Amino acid sequence: MTYLGRPHGPDEVLQPEIVLGFHGLCVVKAVDDDDWYMGTLNSDGTVECWSAYDDLWNALRGL
């Protein structure tokens, strides 16, 4: 999974632990990271994320 445009930092590649997809949008929890990231799930399996949330509840509310 590619995380492009990490908020307030450089792009980086993360290993996903959980990916929940919703019609092109998704929320992702990376291994060894407590944050949840929202983004677009691309057809090649990469994810372009644009925001991060402290917990799953707030990430789902952001959808």
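Note that the structure is predicted; figures quoted are calculated from it, not measured.
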[X] side, atom [atom1]; [Y] side, atom [atom2] - distance, nearest 0.5 Å:
X: D44; Y: T46; atom1: CG; atom2: OG1; value: 3.5 Å
X: D33; Y: Q15; atom1: CG; atom2: CD; value: 12.5 Å
X: L25; Y: L41; atom1: CG; atom2: CG; value: 9.5 Å

Check whether any side-chain heavy atom of [X] sits under 4.5 Å from a side-chain heavy atom of [Y], and report yes or no.
X: K29; Y: L56; value: no
X: W50; Y: T40; value: yes
X: L14; Y: Y37; value: yes
X: W36; Y: I18; value: yes

So which atom in [X] and which in [Y] form the shortest heavy-atom distance, rounded to 0.1 Å?
X: E48; Y: N42; result: OE2-ND2, 3.1 Å
X: V27; Y: F22; result: CG2-CE1, 4.3 Å
X: C26; Y: G21; result: CB-CA, 4.0 Å

